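A quick note: this is a predicted structure, and the numbers were derived from the prediction, not measured.
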Amino acid sequence: MSLVAFIIGAGSNVGTGIAKHLSAQGYTVVVGSRSGTKVDGAGHAVKVDVTKPETVKTAFAEVEKVAGAPPNVVIYNAAGFTPPPSDAASVALDAYARDVSVGTTGLYAAVQEAVAAFRKAPKQAPKAFIFTGNVIPFIPAAVPMLLTLGVGKVAAAWQIQLFSNAFKDENFRFYYASQVSRAGGIVSKPAGGLSGPAHGTAFWNLIQRKEQGGWDFRFYEDGSEAAH
């Protein structure tokens with residue numbers, strides 16, 4: 001049975017950590033980015049720009065071609081962020097639209113293609129779509145500096161929650177997965193920042209689940225599940 005994972009937005013930290021872990025578990029890993037650059041743990045790389053949704057369909061077709069099978073696991077690790085140069089309403093409109101599209105139309109395009117791929121993948125293979133999130137959608141006070149990132153994450157969380165319920169009959173599982181601090185908050189760079197290996201461990205545990213469970217999944221720097 002061919003097991004294929006497609007990681008959309010694979011950099012040197014989180015994307016690489018996930019790729020290494022899945023590769024070690026026997027997955028053929030394909031990573032996608034604007035440059036189409038391979039990372040450690042990936043067998044193949046394709047070009048994709050989620051701010052241009054038309055490239056997503058092409059990328060999924062290329063994944064199936066190079067991996068020899070459609071992906072049964074999709075990791076959406078893309079994000080858009082433009083800090084306001086002055087006040088909260090100072091982000092240029094084109095930058096705002098581009099960043100927010102990562103969690104709206106870009107994510108939706110990826111889900112459309114993932115569902116089609118899951119229906120073609122081996123019946124006994126797990127089918128999981130994992131969005132790399134953070135807890136911005138759940139904190140009580142909005143942070144102006146995080147405007148574009150926050151709007152995209154809020155939209156993504158809403159979509160993932162919807163899809164986690166919409167495809168239960170087919171056991172296509174959807175997760176919004178966030179690394180959190182031991183206090184349950186956003187992970188800061190002074191505290192060590194995001195951990196690629198922790199994402200690999202946590203995401204692998206999600207992939208192995210037999211049933212959906214909660215869509216809002218949080219984990220610590222060691223990859224263990226965080227209560228919330």
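- In this structure, S23 OG and K20 NZ are separated by 10.5 Å, a value rounded to the nearest 0.5 Å.
- Minimum interatomic distance between A226 and V180 (heavy atoms only, all atoms of both residues): CB-CG2, 3.8 Å.
- Residues F219 and H199 bring their aromatic ring centres within 6.0 Å.
- With sequence neighbours excluded, no residue satisfies salt bridge (Lys or Arg N to Asp or Glu O under 4.0 Å) with K65.
- What you find for A121 and K127 is that their closest heavy atoms are CB-CE, 3.7 Å.
- Between G106 and Y76, the shortest heavy-atom distance links the atoms C-OH, 3.2 Å.
- Cluster annotation: V39 is connected to I130 through the hydrophobic network of ILVMFWY side chains, with a link wherever side-chain heavy atoms come within less than 4.5 Å.
- For the pair G223 and N205, the tightest heavy-atom approach, listed with the atom from each and the gap, is O-ND2, 4.3 Å.
- Residue I207 is not grouped with residue F6 when hydrophobic side chains (ILVMFWY) are merged at heavy-atom distances under 4.5 angstrom, including chains of intermediate members.
- Remark: R182 qualifies as a cation-pi partner of Y220 under the 6.0 Å distance and 45° angle criteria applied to the six-membered ring.
- L206 and V115 end up in different hydrophobic clusters when Ile, Leu, Val, Met, Phe, Trp and Tyr side chains are linked at under 4.5 Å.
- No path of Ile, Leu, Val, Met, Phe, Trp and Tyr side chains, each step under 4.5 Å between heavy atoms, connects V100 with L107, placing them in separate hydrophobic clusters.
- Closest of all the heavy-atom pairs between W215 and Q212 is CA-NE2, 3.8 Å.
- From N171, atom CG reaches atom NZ of K123 across 12.5 Å, with rounding to the nearest 0.5 Å.
- Using a distance-only test at 3.5 Å, with no hydrogens or angles considered, no donor-acceptor pair links the side chain of N72 to the main chain of A125.
- Under the rule for a salt bridge (Lys or Arg N to Asp or Glu O under 4.0 Å), E62 has no partner lying at least two apart in sequence or in another chain.
- Atom NZ of K153 is separated from atom CZ of F81 by 11.5 Å, given to the nearest 0.5 angstrom.
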For a quick test of your reading: what N or O donor-acceptor pairs under 3.5 Å do the side chains of residues 131-150 make, sequence neighbours left out?
residue, atom, partner, partner atom, Å
T132, OG1, N77, OD1, 3.0
N134, OD1, I136, N, 3.0
T148, OG1, T82, N, 3.0
T148, OG1, D99, OD2, 2.9

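- By the ring pair (Phe, Tyr, Trp, His ring centres under 6.0 Å) test, F172 pairs with F118, sequence neighbours left out.
- For the atom pair CZ of F217 and CZ of F203, the computed distance is 9.0 Å after rounding to the nearest 0.5 Å.
- Residues Y96 and R98 bring no donor and acceptor atom of their side chains to less than 3.5 Å of each other.
- The residues K168 and E211 are annotated as not salt-bridged, no charged nitrogen and carboxylate oxygen being separated by less than 4.0 angstrom.
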Would you give me the side-chain donor-acceptor pairs under 3.5 Å for residues 43-50, sequence neighbours excluded?
residue, atom, partner, partner atom, Å
H44, NE2, V66, O, 3.4
D49, OD1, T51, N, 3.1
D49, OD1, T51, OG1, 2.7
D49, OD2, T51, OG1, 3.3

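- With values rounded to the nearest 0.5 angstrom, F129 atom CZ is found 9.0 Å from Q159 atom CD.
- Under a hydrophobic clustering in which Ile, Leu, Val, Met, Phe, Trp and Tyr are joined whenever their side-chain heavy atoms come within less than 4.5 Å, directly or via other members, V63 and L22 fall into different clusters.
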(request) Could you check V31 against V29 for side chain to side chain contact (heavy atoms under 4.5 Å, CB included), going step by step and ending with a plain yes or no? (result) CA-CA 7 Å; V31 295; V29 177; 4.3 Å; yes
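- Residue-environment remark: CZ (R209) exceeds the threshold of 12 foreign heavy atoms within 6.0 Å.
- Listed here is the closest heavy atom pair of A67 and V4: CB-CG1, 3.8 Å.
- Every residue two or more places apart in sequence or in another chain that forms a salt bridge (Lys or Arg N to Asp or Glu O under 4.0 Å) with D216 is listed here: R218.
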